*Asks:* 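Below is one structure. I have some questions about it.
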Amino acid sequence: MKTRITELLGIEYPIIQGGMAWVAEHNLAAAVSEAGGLGLIGGANAPGEVVREEIRKARELTKKPFGVNVMLMSPYADEVARVVVEEGVKVVTTGAGIPGKYMGMWKEAGICVMTVVASVAQARLMEKGGADAVIAEGMESGGHIGEETTMTLVPQVVDAVSVPVVAAGGIADGRGIAAAFMLGAEAVQMGTRFVVAKESIVHPNYKNRVIRAKDIDSTVTGLSHGHPIRCLRNKMTREYLKLEKEGKSFEELEYLTLGALRRAVQDGDVDNGTVMAGQIAGMVSKEQTCREMIEEMMAQAEQLLGRK
Ligand code: TUI
């Protein structure tokens with residue numbers, strides 16, 4: 001399945017692994033790239049030097065292309081943006097903001113830049129700013145989300161820009177990939193399914209929560225604060241949502257969320273931590289290698305799309 005995205009990135013399959021905070025480290029990124037997709041290292045809130053080390057470790061595991069996600073709300077975004085240039089990273093994705101001030105530097109370095117957008121207006125802005133592709137992410141996604149759904153956002157973004165579009169949010173099997181292609185996407189980005197990959201370093205408690213999740217098990221905290229985060233319901237979200245409803249501010253509730261993603265991912269505290277996952281967690285039912293996941297999904301997608 002050759003598309004403008006597979007050609008642009010030099011990858012075999014149109015599957016990109018999301019640059020998830022604390023989850024998307026070098027082992028996962030390298031495994032996805034080795035299996036023919038595009039692995040991403042999530043810069044998240046990590047300092048530049050930590051990301052540099054991750055890039056170097058990924059290089060030891062794969063000669064294939066991989067990328068780095070620059071989370072623009074990070075206090076270290078400036079240094080991570082420089083590190084990707086210094087380390088000769090070929091692909092950068094951005095999330096949670098507008099990467100305008102880095103675009104000149106990245107384009108000059110020959111980096112392929114793909115920016116996550118949650119609306120048509122953002123997609124137009126990113127294209128104008130020089131993005132090589134946009135990742136249209138629906139609110140089915142885990143973590144920090146916009147307001148539109150993948151089903152409605154992707155075709156509207158496809159109509160609005162001429163750069164290729166990657167669909168993200170709510171996709172975790174070959175049917176989702178085929179559906180995204182029918183909407184005009186030329187690749188998909190997936191997070192939740194890769195959380196439970198064998199190569200993923202996420203704590204077994206976290207993986208088990210995702211594997212056991214039902215369709216209705218995710219919720220969104222911080223909607224009224226303008227910081228919506230999709231995660232699986234637990235003790236923390238029940239407390240957060242109760243206090244949010246009572247009118248407590250973002251700052252007053254920060255004690256519940258500070259460091260909470262790390263607590264869930266690394267320590268396995270899935271009661272008090274933030275278990276970020278997308279709505280499709282209900283369909284993610286087993287741990288497999290990245291290669292097994294990608295080959296299974298591509299076979300299904302190709303059959304549905306009549307390409308095999
Ligand atoms: O970035 C994400 N998802 C994330 S980042 C993250 S780390 C974090 N942890 C705790 C609190 C906050 C963040 C966890 N999940 N997805 C990509 C994404 N980008 N979704 C939405 C956007 C987005 C939002 C605003 C892109 C552009 C944008 O522009 C801002 C503007 O002013 O228009």
Side-chain angles (χ1 to χ4, degrees), residues 16-25 40-46 51 67-77 80 92-103 113-129 131 133-150 153-154 157 161 165-171 188-192 194-195 202 206 218-223 225-232 236-237 240 244 250-251 253-266 273-279 281:
I16 300 168
Q17 162 242 319
M20 302 163 280
W22 291 104
V23 174
E25 48 67 77
L40 290 181
I41 291 167
N45 281 317
V51 178
V68 171
N69 174 262
V70 180
M71 210 278 278
L72 296 165
M73 275 168 25
S74 164
Y76 301 107
V80 174
V92 164
T93 66
T94 66
I98 314 272
K101 66 173 173 170
Y102 308 125
M103 286 303 266
V113 183
M114 302 194 287
T115 60
V116 172
V117 298
S119 71
V120 165
Q122 285 173 356
R124 286 209 173 98
L125 193 70
M126 305 290 195
E127 177 178 53
K128 223 166 139 195
V134 294
I135 304 170
E137 188 186 275
M139 51 81 84
E140 296 94 323
S141 300
H144 177 71
I145 54 171
E147 292 181 7
E148 313 310 316
T149 63
T150 303
L153 181 63
V154 171
V157 170
V161 297
V165 176
V166 178
I171 303 168
V188 297
Q189 177 174 282
M190 278 183 225
T192 305
F194 288 121
V195 167
V202 168
Y206 198 120
S218 86
T219 188
V220 181
T221 60
L223 257 183
H225 301 144
H227 295 283
I229 299 282
R230 183 179 300 284
C231 48
L232 297 182
M236 186 283 292
T237 64
Y240 195 104
E244 186 181 346
F250 177 73
E251 288 74 21
L253 295 183
E254 252 191 334
Y255 76 94
L256 284 169
T257 55
L258 268 184
L261 179 60
R262 195 203 62 76
R263 273 205 298 286
V265 172
Q266 292 198 330
T274 307
V275 186
M276 291 187 192
Q279 287 186 319

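Both counts, for ligands and for their atoms, begin at 1 and track the order of listing. The analysis underlying the following values was restricted to heavy atoms, covering all of them including side chains, and did not include hydrogens, waters or symmetry mates. Computed from a prediction, not measured in an experiment: that's the story for all the values here.
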*Asks:* Is R230 reaching over with its side chain to a backbone N or O of S141, donor-acceptor style, under 3.5 angstrom?
*Replies:* yes
*Asks:* Above 12 or not: heavy atoms from other molecules or residues under 6.0 Å from CD of E147?
*Replies:*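 Check fails, neighbour count at 12 or below.
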*Asks:* For atom 11 (C) of ligand 1, find the nearest protein heavy atom and state the residue, atom name and distance (0.1 Å precision).
*Replies:*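 I find the closest protein heavy atom is I229 CD1, 3.6 Å.
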*Asks:* Strictly distance-based, threshold 3.5 Å: is any side-chain N or O of T274 a donor or acceptor partner for the main-chain N or O of M276?
*Replies:* no
*Asks:* Where the side chain of S119 meets the backbone of Q122, is there a donor-acceptor pair that is under 3.5 Å apart?
*Replies:* yes
*Asks:* Hey, does M276 sit under 4.0 Å from ligand 1 if you only count heavy atoms?
*Replies:* yes
*Asks:* Give the single entry among M71, Q122, R230 that approaches atom 25 (C) of ligand 1 most closely by any heavy atom.
*Replies:*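 The nearest heavy atom belongs to Q122.
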*Asks:* Looking at side-chain heavy atoms only, is the closest gap between M20 and V265 below 4.5 Å?
*Replies:* no
*Asks:* Taking E244 for its side chain and L223 for its backbone only, find out whether a donor-acceptor pair lies under 3.5 Å.
*Replies:* yes
*Asks:* For atom 19 (N) of ligand 1, find the nearest protein heavy atom and state the residue, atom name and distance (0.1 Å precision).
*Replies:* A96 N, 2.9 Å
*Asks:* Considering non-hydrogen atoms of the protein only, which is the closest contact for atom 32 (O) of ligand 1, and what is the distance?
*Replies:*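 Minimum-distance protein heavy atom for atom 32 (O) of ligand 1 reads I98 CG1, 4.4 Å.
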*Asks:* Quickly, which of T150, T149, T192 forms a side chain to side chain donor-acceptor pair (under 3.5 Å) with E140? Name it, please.
*Replies:*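 The single option meeting the side chain to side chain donor-acceptor pair (under 3.5 Å) with E140 is T150.
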*Asks:* Could you find the nearest protein heavy atom to atom 21 (C) of ligand 1 and give me its residue, atom name and distance?
*Replies:*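 Among all protein heavy atoms, the one nearest atom 21 (C) of ligand 1 is H144 CD2, 3.9 Å.
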*Asks:* So is V117 touching ligand 1 or not, going by heavy atoms under 4.0 Å?
*Replies:*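 Outside the 4.0 Å threshold, so no.
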*Asks:* Just to confirm my output: which protein heavy-atom neighbour is closest to atom 16 (N) of ligand 1, and how far is it?
*Replies:*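 Here the closest protein heavy atom is E137 OE2, 3.2 Å.
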*Asks:* Is the closest heavy atom of A44 to ligand 1 under 4.0 Å?
*Replies:* no
*Asks:* May I ask you to identify the nearest protein heavy atom to atom 17 (C) of ligand 1, giving residue, atom name and distance to one decimal place in Å?
*Replies:*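 Result: V116 CG1, 3.2 Å.
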*Asks:* Considering Q189, M20, M73, E147 one by one, which has a heavy atom nearer to atom 12 (C) of ligand 1 than any of the others?
*Replies:*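 Residue with the shortest heavy-atom distance to the ligand atom: M73.
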*Asks:* Do L40 and I16 have side chains that approach each other closer than 4.5 Å (heavy atoms only, starting at C-beta)?
*Replies:* yes
